[in-house]
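One structure below.
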Amino acid sequence: MILDRSYGLELQPSAPFHFDGTFHKPSHFPSGDIAWQPGTLWTTRRIANDLLGLKLENTGTVDSPCVRLTIFASHSLSAGEMAAVGDEVASDYDLYADLSSFDDLLGRDELMRPVLGRWRGMRTMGGPLYESLVICVVLQNATVRRSVQMLDNLFRAYGDLLHFDGQALYGFWPPQALDAAPEEALRALKVGYRAKSLKRISGQFARGECDDSALRCLPNDELKRALLKIYGVGPATVWYLMFEVFHRNDAFDHISPWEQKIYSRLLFDQELVPAEQVLTEVERRWGRWKMLAAHYLFEDLFWRRTHAPVPWLEELIRL
DNA sequence: CATCAGGGCCCTG
DNA sequence: CAGGGCCCTGAT
């Protein structure tokens, strides 16, 4: 599908804002709907029944931020539709967050001061709930390479390849597509038992039983309860969604074993510290900002790794 | 060649 | 609340 019309829009994130820290997460696995180079992000969005290409460019600085959003479409867009896309982008990347007390807190923390120096203004990278759920499901009980393969297979079978601005990126399928697909067809894409979760999740979205914007208004405990009701969502997935998708910056009550090892190194300079102790420590240090602070530390480590391998970390990343 | 665990979760007892 | 089963894949 060729998206040959483009529409420009300016977004003004709250200051400070870190463009590359927000729009590229080296700890995430690469997916066919995103491309990044310093200062520019390309991605896609399915909004209602529209497939759109998005380009975000850094046209400001950390302390005087400005982002140019270009929307690519196959047909003309109204001013209202453009504004809706702008709002969704701002919400997905938490562009209007007030991080002033977070910055104060990190600035007083010996360990975090240099990290803050590198990433001041970084936000979390969320996305539509349905698409995030699909990512979570392919992450479950799988190594990185397999997750990449499963998502790629799904994109090739059910996604739409969108051509815009010299890029070719996949747009997600509508939930109805997987709802209607036979489970066997999904299993043929090597997703295994996850086929059942994908179908049931897609069914819930197709019938309108899940609503991103309604969920966004809920307090933490109710949101968590609502998410756990979705089939295939357990402790690991709910943790990911609470933080990355719903920007609950204190959502740190679960650690997977490999992350436990990473935080053991970063916080205690030890190979393995009990999970409980890690959770107590992040609460003590960062309180209501504990997950966002941990995210800064985590992404900082993965950025360092892109410049030079971190030997102890390489062993923990199972490809 | 076989066995096993991996960035979980559901279901059963 | 504990533990078995689940798909596939690469490591051993």
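So you know, we letter chains A, B, ... as the sequences are listed, proteins then strands, and number each from 1.
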Looking at [atom1] of [X] and [atom2] of [Y], how far apart are the two atoms once the value is rounded to the nearest 0.5 Å?
X: A:Glu244; Y: A:Cys136; atom1: CD; atom2: SG; value: 9.0 Å
X: A:Leu139; Y: A:Ser147; atom1: CG; atom2: OG; value: 4.5 Å
X: A:Thr70; Y: A:Trp42; atom1: OG1; atom2: CH2; value: 10.5 Å
X: A:Glu110; Y: A:Met112; atom1: CD; atom2: CE; value: 12.0 Å
X: A:Leu41; Y: A:Ile34; atom1: CG; atom2: CD1; value: 6.5 Å

Does the pair A:Asp50/A:Arg45 count as a salt bridge with the N-to-O cut at 4.0 Å?
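Answer for the salt bridge query: no.
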Dot-bracket pairing map - DNA chain B, Watson-Crick plus G-U, both contacts under 3.5 Å, | cross-strand
.|||||.||||||
Holding to side chain to side chain donor-acceptor pair (under 3.5 Å), I want the full list of residues that pass it with [X], two or more places apart in sequence or in another chain.
X: A:Thr124; value: A:His247
X: A:Thr59; value: none
X: A:Asp33; value: A:Ser31
X: A:Asp103; value: none

Hydrophobic clustering (ILVMFWY, side-chain heavy atoms < 4.5 Å, transitive) - are A:Tyr193 and A:Met150 grouped together?
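Result: no, two separate clusters.
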Comparing A:Ile317 and A:Gly232 on DNA chain B - which has the more 5′ nearest nucleotide:
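Mapping each residue to its closest nucleotide by heavy atoms, the 5'-most match is A:Ile317.
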Can you give the first and last nucleotides of DNA chain C, 5' to 3', that have an atom under 4.0 Å from a heavy atom of chain A?
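First-to-last contact on DNA chain C, by the 4.0 Å heavy-atom rule, is C:dC6 to C:dG10.
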Separation of the P atoms in C:dG4 and B:dC4, to the nearest angstrom
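Result for the P pair: 13 Å, nearest Å.
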Rounded distance in Å between the P positions of B:dC10 and C:dT9:
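These two P atoms come out 23 Å apart once rounded.
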Take the angle between the ring planes of A:Tyr263 and A:Phe252 and call it parallel below 30°, perpendicular above 60°, tilted in between.
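A:Tyr263 vs A:Phe252 ring planes: tilted.
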What is the ring orientation for A:Phe102 with A:Trp289, classed by angle as parallel under 30°, tilted 30 to 60°, or perpendicular over 60°?
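Rings of A:Phe102 and A:Trp289: tilted, 30 to 60°.
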Backbone N/O of A:His18 and side chain of A:Thr22: donor-acceptor pair under 3.5 Å
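The answer is yes, because a donor-acceptor pair under 3.5 Å joins these two groups.
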Kindly say whether A:Trp303 contributes a backbone atom to a donor-acceptor pair with the side chain of A:Thr306 at under 3.5 angstrom?
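Answer holds: yes.
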Sequence neighbours excluded, every pair satisfying side-chain hydrogen bond (donor to acceptor under 3.5 Å, both in side chains) that has a member inside residues 229-241 of chain A:
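Qualifying pairs: A:Gln140-A:Thr237, A:Lys196-A:Tyr231.
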Name every residue in residues 236-272 of chain A that has at least one heavy atom under 4.0 Å from any atom of DNA chain B, in order of residue number, or write none if there are no such residues.
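Within this stretch, A:Ala236, A:Thr237, A:Trp258 sit under 4.0 Å of the strand.
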So if I take residues 289-297 of chain A and measure heavy-atom distances to DNA chain B, which residues fall below 4.0 Å?
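Contacts with DNA chain B under 4.0 Å: none.
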Counting any heavy atom closer than 4.0 Å, what does A:Tyr231 reach on the DNA or RNA strands: base, sugar-phosphate only, or nothing?
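It contacts sugar-phosphate atoms only.
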Tell me which residues in residues 132-158 of chain A put a heavy atom below 4.0 Å from DNA chain C, sorted by number, or none.
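Those residues whose heavy atoms fall under 4.0 Å from DNA chain C, taken from residues 132-158 of chain A in numerical order, are A:Asn141, A:Arg145, A:Arg146, A:Gln149.
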Which residues in residues 186-203 of chain A have a heavy atom closer than 4.0 Å to any atom of DNA chain C?
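Contacts with DNA chain C under 4.0 Å: A:Arg187, A:Lys190, A:Gly192, A:Tyr193, A:Arg194.
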Sequence neighbours left out, what passes ring pair (Phe, Tyr, Trp, His ring centres under 6.0 Å) with A:Trp312? Give chain and number order.
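Once residues adjacent in sequence are excluded, A:Trp312 has no partner under the ring pair (Phe, Tyr, Trp, His ring centres under 6.0 Å) criterion.
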How about A:Phe23 and A:Tyr93: are their ring centroids closer than 6.0 Å?
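Yes, ring centres under 6.0 Å apart.
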